[in-house]
**Q** 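Quick one: structure below, then a few questions.
Hydrogens, waters and symmetry mates play no part in the numbers below; they use all other heavy atoms, side chains included. The shown structure was predicted, so the numbers you read here are calculated from the model rather than taken from an experiment. Just follow the structure's listing: the first ligand is 1, and inside any ligand the first atom is 1.
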Amino acid sequence: MRTPFIAGNWKMNMLSGEAEDFFKEFLPAVKDVQSVKIAVCPVYTLLHQVSELVRDSNVKLGAQNVFWEEKGAYTGEISPPMLKDVGCEYVIIGHSERRQHFGETNETVNKRVKAALAHGLTPIMCCGETLEDRENGKTFDVVKSHILEGLQGVYESGKEEVVLAYEPVWAIGTGKTASPDQAQEVHAFIRNLLQENFGEDIAQRTIIQYGGSVKPKNIAELMSQPDIDGGLVGGASLKADSFTALVKY
Ligand code: PGA
């Protein structure tokens, strides 16, 4: 059985005072939630503070990106051991905003995923088509290349855990959610790809989150789909009341 997993992707938002206010309200509101795993992924500058705030709670910490080298002359980068050191368990990798604005490719996604796993972080690896891809009938080709190239050589021992997030780019931050059927169709396609390429065990235990305008009003229907195991939530994770409603869907 896959435990549902809902992660908040704060993107480039929130200052320290806002983070403090958020958790003052959020932690007591969700402290009894046991059936859903919860994570929050703030900007790097808030990781230390949020790590302290969520210590001993049922909320886990994630980062929004990671470099693949351990240390050295890479000005501006952050390595997997540094994220572990500050208390991260998760790291988002290959978000479409990084692909779009910062030159992320399947190859660099793959390097980051491997480095994260090698240091005991669980990657949340993102995939998803643009509106143009969808209109040109390329959704499945694009998702397939994101998944198979991103995961190339990753399941070496078969014990590796990678969370996947299907995020159609046209649904991110636009208020246009994929319909539950549209999302389920791609999630089932991804699970099938996992099975064909990595076997039944990995296919059945891999959490596949949906992302793209997930809101309190649409989460229950999305989560009722057989292959949707959670959500990667941007905008609606920035307010304690809406993120609470999401994790208590
Ligand atoms: P959104 O973002 O919920 O604001 O659409 C989701 C994401 O980009 O992870």
**Q** Classify the side-chain pair Gln64/Trp10 by whether it contains a donor and acceptor separated by less than 3.5 Å.
**A** no
**Q** Answer with yes or no whether His95 contacts ligand 1, where contact means a heavy atom under 4.0 Å from a ligand atom.
**A** yes
**Q** Are Asp133 and Thr130 linked by a side-chain donor-acceptor pair shorter than 3.5 Å?
**A** yes
**Q** Over all heavy atoms of both residues, which pair between Asn110 and Val154 is shortest? Give the atoms and the distance, please.
**A** ND2-CG2, 3.9 Å
**Q** At less than 4.0 angstrom from any non-hydrogen atom of Gly173, what atoms of ligand 1 do you find?
**A** 1 (P), 4 (O), 5 (O)
**Q** Atoms of ligand 1 less than 4.0 Å from Gly235 heavy atoms?
**A** 1 (P), 3 (O), 4 (O)
**Q** Can you confirm if the aromatic rings of Phe5 and Tyr90 lie within a centre distance of less than 6.0 Å?
**A** yes
**Q** Is Gly212 near ligand 1, meaning one of its heavy atoms is under 4.0 Å from it?
**A** yes
**Q** Kindly say whether Val163 contributes a backbone atom to a donor-acceptor pair with the side chain of Asp229 at under 3.5 angstrom?
**A** no
**Q** Taking the non-hydrogen atoms of Gly211, is any one of them nearer than 4.0 angstrom to ligand 1?
**A** no
**Q** May I ask you to identify, for Asn9, whether its side chain, its backbone, both or neither come under 4.0 Å of ligand 1 on a heavy-atom basis?
**A** side chain
**Q** Does a side chain donor of either Glu129 or Tyr166 reach within less than 3.5 Å of an acceptor in the other side chain?
**A** yes
**Q** Distance under 4.0 Å to a non-hydrogen atom of Gly234: what atoms of ligand 1 satisfy this?
**A** 1 (P), 2 (O), 3 (O), 4 (O), 6 (C)
**Q** Identify the closest protein heavy atom to atom 7 (C) of ligand 1: which residue and atom is it, and at what distance?
**A** Glu167 OE2, 3.1 Å
**Q** For Gln100 and Ser96, test the side chains for any donor-to-acceptor distance below 3.5 angstrom and give the result as yes or no.
**A** no
**Q** For atom 2 (O) of ligand 1, what's the nearest protein heavy atom and its distance?
**A** Lys11 NZ, 3.3 Å
